[in-house]
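Have a look at the structure below before the remarks.
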2 protein chains.
Amino acid sequence: MATRHPTQRQRIQRPAPMYLQVAQEIAQEIRAGDYQPGDRLPSEAQMVASFGVGKATVRQAIAEVRAMGLIDVHQGKGSIVRGPAVQAVEVDRTIFRTGKKWSVPQPGESEKPTITRTSLDGVPAALLAQPDQDAISVEQMIRDPATDTRMAWRLFIPLSVAASTPVLAEDPAQPIADHYQALAEAGHTLSWEEHVTARTPYPDERSALRLRDTSPLMITYRVTSGTDARPLLCEELRVPATARLRFPLNATKAPAKSRTRKA
Amino acid sequence: MATRHPTQRQRIQRPAPMYLQVAQEIAQEIRAGDYQPGDRLPSEAQMVASFGVGKATVRQAIAEVRAMGLIDVHQGKGSIVRGPAVQAVEVDRTIFRTGKKWSVPQPGESEKPTITRTSLDGVPAALLAQPDQDAISVEQMIRDPATDTRMAWRLFIPLSVAASTPVLAEDPAQPIADHYQALAEAGHTLSWEEHVTARTPYPDERSALRLRDTSPLMITYRVTSGTDARPLLCEELRVPATARLRFPLNATKAPAKSRTRKA
DNA sequence: TATCATTTGTTCGTATGTATC
DNA sequence: CGATACATACGAACAAATGAT
């Protein structure tokens, strides 16, 4: 009781951890232009001396700055300041239609696809609304030569859909636009929706997609639906978060019962 | 020379770092069901003993498992196994139209907006194609009470647009659908596109959005364009990557010169 | 309410391995 | 080959949060 001063209790403010302070200091110096893109930051040992903190603190600080995307760190070389020139790859998610033909932008060169049979699980299963079902899976790595960006594409064709539209199963690895056309010719009125999320990549994804540092991973699921909004196909695309996904948006006719806007 | 066996040079394979091995082991045990959602993992000290490695190694391993999204870590409590029940908040990015009125889904409750004047910079500046220009900025925090998810919304109205359509500047904080309507009434034929990216959040964003652990941040920019595809407005929405953004997609009439599909 | 044991968070120091130049 | 720099790993200590006593 006597040891606590009520007037102080409001204002207490603990200092941020030292590693965060150091990180902020480094980030500030970079943004201020003290280091130009391409420059090397002082070595860890030098920072230990100049900041007067331990090595673990410096390393944690550098990890933060790297997570901010301001530097690249290379063993044996040092920490290199990134330029804003890290141009974002733009991945166009538009679906084009010319008469009865469909086409989708191709963001790079594709490697040869792998066709397997898998059980539906996780998000694709939920989006396809068909749990406990198997699907034909087509996997393909896509590489954009201009920026050396790698993307992982995967198509899920539920077996029930392959059964009712056998042409899909005949050549699962054909261009996706041909799948769209086949479904349309089978009498479906197609519509699409896309779901985007992001997460920290797993170690194997980091190496497969050549992800540098702590860059997150964007994952987008495109669901192709037919008549009665029945989901038919699910495409998954995983891209480094250095990219930007582009969606064209059209206004949709509101349902009869229009949504009320909350406060 | 004599110390190197040429026949070995092809097969060398360094073992993975111990912290990754430990992380994989923990992740495997979780996925195998050895620990149920809600269970506490063994404490760091116990792992140090059971794995026979140092504390720093265990901590790095736990950081990996946490980055995989398998556990939540709380100081003083321990590491809690997450359930797959971490339902993703779905943020619907549809734009609805009823006759001459627009509406957009409201993902939660809004706090009171802050109106400032800023200079356009970074992605919004590039998307609005109007560098070296000022803009009216409206900032607002949105909270989804069901999942306690926070989102940061921001609107940029370039001064040139505010000048040619003064009604926008009169009440910048009005519902965004009213801005759309005002622009339509001013003679614009509206269209939208949305750009999505992700990155590691800054420390201040982590606290403002109450981000747990190492969850990345998704950022989406919605650009409203008028006649002649002239960009008019830019909305920025930052949401935790635990959310899913949902876009409806309509096929777009292909331009006269249809895109050729590369190999 | 206050205390205490447990658990994670932060920080230091030191040593060794590996990549780069 | 050697010097430099980052990566990994160990040990130790104290701070801060949590939950039970």
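From a predicted model like this one, the values you see are computed outputs, not experimental measurements. Keep in mind that the numbers below use all heavy atoms, side chains included, and drop hydrogens, waters and symmetry copies. Chain naming here is simple, since letters A, B, ... match the order of the sequence lines and numbering starts at 1 in each.
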For the pair A/Arg222 (side chain) and A/Arg93 (backbone), establish whether a donor and an acceptor sit closer than 3.5 Å, ignoring hydrogens and angles.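 Yes; judged by distance alone, with no hydrogens or angles, the pair exists.
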Without swapping roles, check the side chain of B/Arg40 against the backbone of B/Lys77 for a donor-acceptor pair under 3.5 Å. yes
Over how many whole Å does the gap from [X] atom [atom1] to [N] atom [atom2] extend?
X: B/Gln60; N: C/dT8; atom1: CD; atom2: P; value: 17 Å
X: A/Asp72; N: D/dA7; atom1: CG; atom2: P; value: 12 Å
X: A/Arg40; N: C/dC21; atom1: CZ; atom2: C1'; value: 10 Å
X: B/Tyr19; N: D/dA7; atom1: OH; atom2: P; value: 9 Å
X: B/Arg59; N: C/dT11; atom1: CZ; atom2: C1'; value: 11 Å
X: B/Leu41; N: C/dT7; atom1: CG; atom2: P; value: 13 Å
X: B/His74; N: D/dA17; atom1: NE2; atom2: C1'; value: 12 Å
X: B/Ile80; N: D/dT18; atom1: CD1; atom2: P; value: 12 Å

DNA chain C: 5'-proximal contact among B/Ser43 and A/Ala56 (nearest heavy atom): B/Ser43
Want to settle it: does A/Gln75 or A/Gly54 sit nearer the 5' end of DNA chain C, counting the closest nucleotide to each?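 Closer to the 5' end of DNA chain C: A/Gly54.
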For B/Gly76, which contact category applies under a 4.0 Å heavy-atom criterion: base, sugar-phosphate, or nothing? base
Checking contacts here: which listed nucleotide ([options]) is nearest the side-chain heavy atoms of [X]?
X: B/Arg66; options: C/dA19, C/dG9, C/dT11; result: C/dG9
X: B/Val53; options: C/dG9, D/dA5, D/dC10; result: D/dC10
X: A/Met18; options: D/dT8, C/dC12, C/dG9; result: C/dC12
X: B/Lys77; options: D/dC10, D/dT18, C/dG9; result: D/dT18
X: B/Pro17; options: C/dT8, D/dA7, D/dA9; result: D/dA9

Return the pairing partner of C/dT1 with a 3.5 Å limit on both distances, Watson-Crick or G-U wobble; otherwise return none. none
Are the charged groups of A/Glu111 and A/Arg143 less than 4.0 angstrom apart, N to O?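 No, this pair does not count.
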Minimum heavy-atom separation for A/Ala243 to B/Thr197, with atom names? O-OG1, 3.0 Å
According to a strict under-4.0 Å criterion, is B/Thr57 in side-chain N/O contact with OP1 or OP2 of D/dC10? yes
Pair of N/O donor and acceptor under 3.5 Å linking C/dT7 base with B/Glu44 side chain: no
Between B/Val223, B/Asp134, B/Ile136, B/Thr118, which is the residue that forms a side chain to side chain contact (heavy atoms under 4.5 Å, CB included) with B/Phe156?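 Testing B/Phe156 for a side chain to side chain contact (heavy atoms under 4.5 Å, CB included) against B/Val223, B/Asp134, B/Ile136, B/Thr118 leaves exactly one candidate, B/Thr118.
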